[in-house]
Amino acid sequence: MQRLRNFLDHHCDNPALVTVIEGLMVACKDIAYKVQLGSLAGVLGSAEQINVQGESQKKLDVIANNLIKQALRAMPQVKGLASEEESDAVACNPDGEFLVLFDPLDGSSNIDVNVTVGTIFSVLQSDPGDDPTYESTYLQCGREQVAAGYVLYGPSTLLVLTTGKGVYSFTLDPRVGEFYLQRENIRVPATTKEFAINMSNQRFWLPEMKNYVADLLLGEEGPLGKRYNMRWIASMVAEIHRILTRGGIFMYPYDSREPQKPGKLRLMYEGNPMSMLIEQAGGKASTAFENIMQVEPTSIHQRVSVVMGSKDEVDTVIRYHES
Ligand code: P6P
């Protein structure tokens, strides 16, 4: 079985990026350990504080964020970081080459009910003169990412990673603290019969999204001509892993509950990294109106509408939004 470091040394042509990914995994292995211990480590429950998103933080949100911050700040290769749990960007090392943006614990509302959560990360490069204390340094569109991935804290702990040359997955052996290559060149099937969306928001969607989902639910008698199944885990990282494994479509579209926001999910550290993984695996990632990785960011925590997964199904959603 091939260890992660051995794989990266052969697959990735930038040794500094290899160091950043390996260093990030040190933090994620510690997070995996704490997630596995749960109540025994006293890490469940609320942190009794609100983050910049206006969301109540879980203890593990704060713990995971601090572990990743600590790991990144210790690496000379990292110039700066941005986190869902940090209101502003954090300068790390002035001579660093990379910017790391991350959601330290996606799906954390599930942690207290023992459902899969994960860490999502995106890696950008910065020019030598870029100031890591300036938000503008991080506002690069998704196409500029040099790496993206997630660590899934589920029945097993998995790393799913792309550095722009396909998508690879690795399984953590907690007995030795090593990630081992599991799957190479992961591909998303072009078609699917499985959709993921939070149906309780249906009355708030745009008419185009209402029409598409209504046709999904008509099954084989409807215009889409097949019977669909539905999943909703409320952990994007778990939904995307299922789609990378067997296909599907994941949607968190615009809704009118907060009309000034284009969506619930965050572009820089959820939409963009997941879009890179999905597209590197042959899938498609759209806002329903444009490719997610072409969205020009205007703020670190900006939101985005998300429709991603099996290419043919995403194309169908786009067609519903063209008519
Ligand atoms: P809802 C988790 O909070 C998250 O950001 C994504 O991981 C997940 O897909 C979505 O929000 C769930 O949102 O509204 O169904 O709770």
Side-chain angles (χ1 to χ4, degrees), residues 28 31 35 44-47 49-65 68 82-86 101-122 148-154 158 160 194-206 209 213 230-245 248-259 261-278 283 285-288 292 300-309 314 317:
C28 291
I31 296 168
V35 167
L44 300 184
S46 170
Q49 52 196 50
I50 304 292
N51 67 12
V52 66
Q53 322 285 341
E55 298 163 343
S56 67
Q57 287 181 310
K58 298 287 189 185
K59 285 178 188 168
L60 260 176
D61 282 320
V62 178
I63 292 166
N65 186 59
I68 295 173
S83 166
E84 177 179 309
E85 305 302 338
E86 299 284 335
L101 301 88
F102 58 95
D103 179 354
L105 206 68
D106 175 62
S108 56
S109 60
N110 283 315
I111 196 70
D112 291 346
V113 294
N114 203 35
V115 170
T116 295
V117 293
T119 296
I120 307 172
F121 61 91
S122 168
Y150 57 80
V151 178
L152 197 63
Y153 310 114
L158 304 181
V160 179
E194 198 161 61
F195 72 97
I197 195 166
N198 183 336
M199 288 296 291
S200 69
N201 299 327
Q202 187 174 29
R203 62 190 181 281
F204 303 117
W205 298 334
L206 292 174
M209 184 54 76
V213 174
M230 195 196 112
R231 289 285 181 274
W232 190 249
I233 307 172
S235 267
M236 181 187 194
V237 65
E239 316 273 8
I240 298 303
H241 189 69
R242 184 188 59 250
I243 290 168
L244 283 168
T245 304
I249 185 167
F250 169 80
M251 296 170 279
Y252 213 112
Y254 165 84
D255 68 61
S256 57
R257 288 175 295 170
E258 294 186 88
K261 290 180 182 175
K264 172 182 181 183
L265 302 180
R266 276 62 52 148
L267 173 66
M268 299 305 291
Y269 40 80
E270 289 171 333
N272 277 339
M274 292 308 204
S275 296
M276 184 178 184
L277 287 164
I278 287 286
S286 172
T287 65
I292 288 176
I300 281 177
H301 298 299
Q302 81 182 62
R303 313 283 181 132
V304 69
S305 167
V306 172
V307 177
M308 59 171 71
V314 173
V317 175

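In what follows, residues are counted from 1 in the order of the sequence shown. In listed order, ligands and their atoms are each counted from 1.
When side chains are defined from C-beta on, Leu105 counts as touching Tyr153, because their heavy atoms get closer than 4.5 Å. With a 4.5 Å cut-off on side-chain heavy atoms, Asn65 and Phe102 count as touching. Residues Leu277 and Val160 form a side-chain contact, since some pair of their non-hydrogen atoms from C-beta on lies under 4.5 Å apart. You'll find the side chain of Val151 stays beyond 4.5 Å of the side chain of Ile31, heavy atoms only.
A salt bridge does not link Arg303 to Glu258: none of the charged side-chain nitrogens sits closer than 4.0 Å to a carboxylate oxygen.
Against a heavy-atom cut-off of under 4.0 Å, Ser235 is close to the following atoms of ligand 1: 7 (O). Under a 4.0 Å criterion applied to the non-hydrogen atoms of Phe250, ligand 1 contributes the atoms 9 (O). Annotation for ligand 1: atoms under 4.0 Å from non-hydrogen atoms of Glu270 are 5 (O).
Ring-plane geometry between Trp232 and Tyr252 is classed as tilted, the angle between the planes lying from 30 to 60 degrees on a 0 to 90 degree scale.
Using a 4.0 Å heavy-atom cutoff, Ala234 is listed among the residues neighbouring ligand 1.
Any N or O atom pair closer than 3.5 Å counts here, and Ser109 shares no such pair with ligand 1. Of the polar atoms of Arg257, none of the N or O atoms is found under 3.5 Å from an N or O of ligand 1, judged by distance alone.
Among all protein heavy atoms, the one lying closest to atom 15 (O) of ligand 1 is Asn198 ND2, 2.8 Å. Regarding atom 14 (O) of ligand 1, its nearest protein heavy-atom neighbour is Tyr252 OH, 2.6 Å.
Taking a 6.0 Å sphere around CG of Asn198, one finds it holds more than 12 heavy atoms contributed by other residues, nucleotides or ligands.
Counting heavy atoms closer than 4.0 Å to ligand 1, residue Leu265 contributes side-chain atoms (C-beta onward) but none from N, CA, C or O. Here Arg266 has side-chain heavy atoms under 4.0 Å from ligand 1, and that is the only part of it that gets that close.
Rounded to the nearest 0.5 Å, atoms CE (Met268) and CD (Gln302) are 7.5 Å apart.
Of all the listed residues (Lys264, Met274, Met236), Lys264 holds the heavy atom that lies closest to atom 10 (C) of ligand 1.
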